[in-house]
Number of protein chains: 2
Amino acid sequence: MTTPGRGLHGRVLDALGPAITAGEYPPGSVLRTDELAQRFDVSRSVMREAVRVLESMHLVESRRRVGVTVRPRAEWNVYDPQVIRWRLAGADRPHQLRSLTVLRSAVEPVAAGLAATHATAEQCAELTRCALGMVATSRGHRLQDYLVHDVAFHRMILVASGNEMFARLGDVVAEVLAGRTHHEVMFEDPDPAAVTLHVQLAEAVREGDPVRAERLTREITVGALQELDILAP
Amino acid sequence: MTTPGRGLHGRVLDALGPAITAGEYPPGSVLRTDELAQRFDVSRSVMREAVRVLESMHLVESRRRVGVTVRPRAEWNVYDPQVIRWRLAGADRPHQLRSLTVLRSAVEPVAAGLAATHATAEQCAELTRCALGMVATSRGHRLQDYLVHDVAFHRMILVASGNEMFARLGDVVAEVLAGRTHHEVMFEDPDPAAVTLHVQLAEAVREGDPVRAERLTREITVGALQELDILAP
DNA sequence: GAAGCTAAAAAGTCAGACTTATTCATCACA
DNA sequence: TGTGATGAATAAGTCTGACTTTTTAGCTTC
């Protein structure tokens, strides 16, 4: 989690961002900087900085003589980690979770395949450590500890792929896994089959078997998708 | 392409963004707002807005008493369309092009599979139109016209997938295809085999055959990757 | 009814004064 | 000698008020 409230403009963003992404101000809505500044009790300069940030996320568009217009959802920078967090915290969390899980199902298998050929010895070792950690915490209602290893594991796969675009999805995957553990599914211990798949995946990467690594990851992500289907068919 | 120079702070960004992403200010470099404001001949308020935007892209970090620090590349929001454009315009364009093409190879096949089951009749029709347009412009050095249809085709696949995360990669794919046509490979007419694959893909989606759609798209993206290997082995 | 003019509205810009957090160097004390 | 407290310097952060610029909407005129 990033620092919540780095300055006044950050506070404003923490209030406005979630409101906009939640659809509280529907696309086309017009806000006025001065009015917002009054509402949040900050100076116009601070408000302007906040608007600039929202603008860079393509959440709003600022035009002279008209005001700050909320843009349609299709134009939002939905890969911005901040936007993702705001949306995950809001009402369309289930929808968002599904979108991201589908993205994972596309990216992670390919990343795992690349990791099998590119991973360094240290990365392989770390991967195995994570898998063992998952095994060790997979029983006895230690979901919180399990999550830590799970996140580290998937993050390492993405980093070890050697592709920076994949690597930067680590935070997204972390959010999805955390969200799953905290609010939605998984009230009991994780599926033993899934744990085994992770151990085997670490093996495949270590042995430099991209085909097997990709196939195993596909099984993992299919499982993640099925979890969602069970929850919201 | 977005509007270049929407206000003074935009001009500053158009100068600073490319400089930072090009590594002109290496990670750890410290800039001072006042100095930058002087250099670009703008007021401090304008400069502060620009810094806030760079900060929201995780390109820099602003801290009291120390200044504006350039963050390490690994922390940049590399999915921000603006950042992508800056980097594609800079020195590590080849590296960036490769990263993005690998991303395409992961995402597009899955998107095509989803499109085969989710695409509306109108989307299927548009897809076919695009494919025919590609055929029509595939000979006689009409690369510019070909590109338009190619971009529209891939964009439609991503949109028709029904997943918003995929849909938002349309701009990225457009940048990659445009970059390829304009500067790097493709001095002659496009590969006829690739054109055929697109026609068949439109077919597969129309017929609702996800497996075939995914397989065909994999062939297309493998081709795109090979093009890069030929250029920079 | 179309073209052009005018006035208002809201963002954009600037300058300057002031506040606050953070760092670094100095100094006293153990 | 090392450690902790003190204080000054520094750069970002904030606020205010005046002014500029662009764009729209309404009105006038032909």
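Chain letters run A, B, ... following the sequence lines, proteins first and then strands; every chain starts at 1. Given the structure is predicted, the values throughout are model-derived calculations rather than measurements.
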Non-neighbouring partners of [X] that pass side-chain hydrogen bond (donor to acceptor under 3.5 Å, both in side chains), sequence neighbours left out:
X	answer
A:Arg73	A:Asp92
B:Ser45	B:Ser43
B:Ser56	A:Ser56
B:Glu61	none

Note: chain B reaches DNA chain C at heavy-atom distances under 4.0 Å over the stretch, first to last nt, 5' to 3', of C:dT13 to C:dT23
Side chain to side chain donor-acceptor pair (under 3.5 Å) pairs touching residues 19-30 of chain A, sequence neighbours excluded, are A:Tyr25-A:Arg39
Rounded to whole Å, please give me the gap between CZ in A:Arg11 and C1' in D:dG13.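 Nearest whole value for this atom pair: 13 Å.
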Residues in salt bridge (charged side-chain N to carboxylate O under 4.0 Å, His left out) with B:Asp80, at least two apart? none
Under the rule for salt bridge (charged side-chain N to carboxylate O under 4.0 Å, His left out), what residues qualify as partners of B:Arg206, not counting sequence neighbours?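 Salt bridge (charged side-chain N to carboxylate O under 4.0 Å, His left out) check on B:Arg206 returns nothing, list empty.
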Any residue meeting ring pair (Phe, Tyr, Trp, His ring centres under 6.0 Å) with A:Phe153, in chain and number order, not counting sequence neighbours: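 Ring pair (Phe, Tyr, Trp, His ring centres under 6.0 Å) list for A:Phe153, sorted by chain: A:His198.
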Hits for ring pair (Phe, Tyr, Trp, His ring centres under 6.0 Å) against A:Phe40, two or more places apart or cross-chain, chain-then-number order -> none
Report the end-to-end axis angle of the helix from C:dG1-D:dC30 to C:dA30-D:dT1; each axis comes from five terminal pairs, and the value is rounded to 10°. 10°
Salt bridge flag under 4.0 Å for residues A:Arg52 and A:Glu49: no
Review item, nucleotides 9-12 of chain D N/O atoms under 3.5 Å of protein N/O:
unit_1: D:dA9; atom_1: N3; unit_2: B:Arg65; atom_2: NH1; d: 3.2
unit_1: D:dA12; atom_1: OP1; unit_2: B:Thr33; atom_2: N; d: 2.8
unit_1: D:dA12; atom_1: OP1; unit_2: B:Thr33; atom_2: OG1; d: 3.3
unit_1: D:dA12; atom_1: O3'; unit_2: B:Ser62; atom_2: OG; d: 3.2

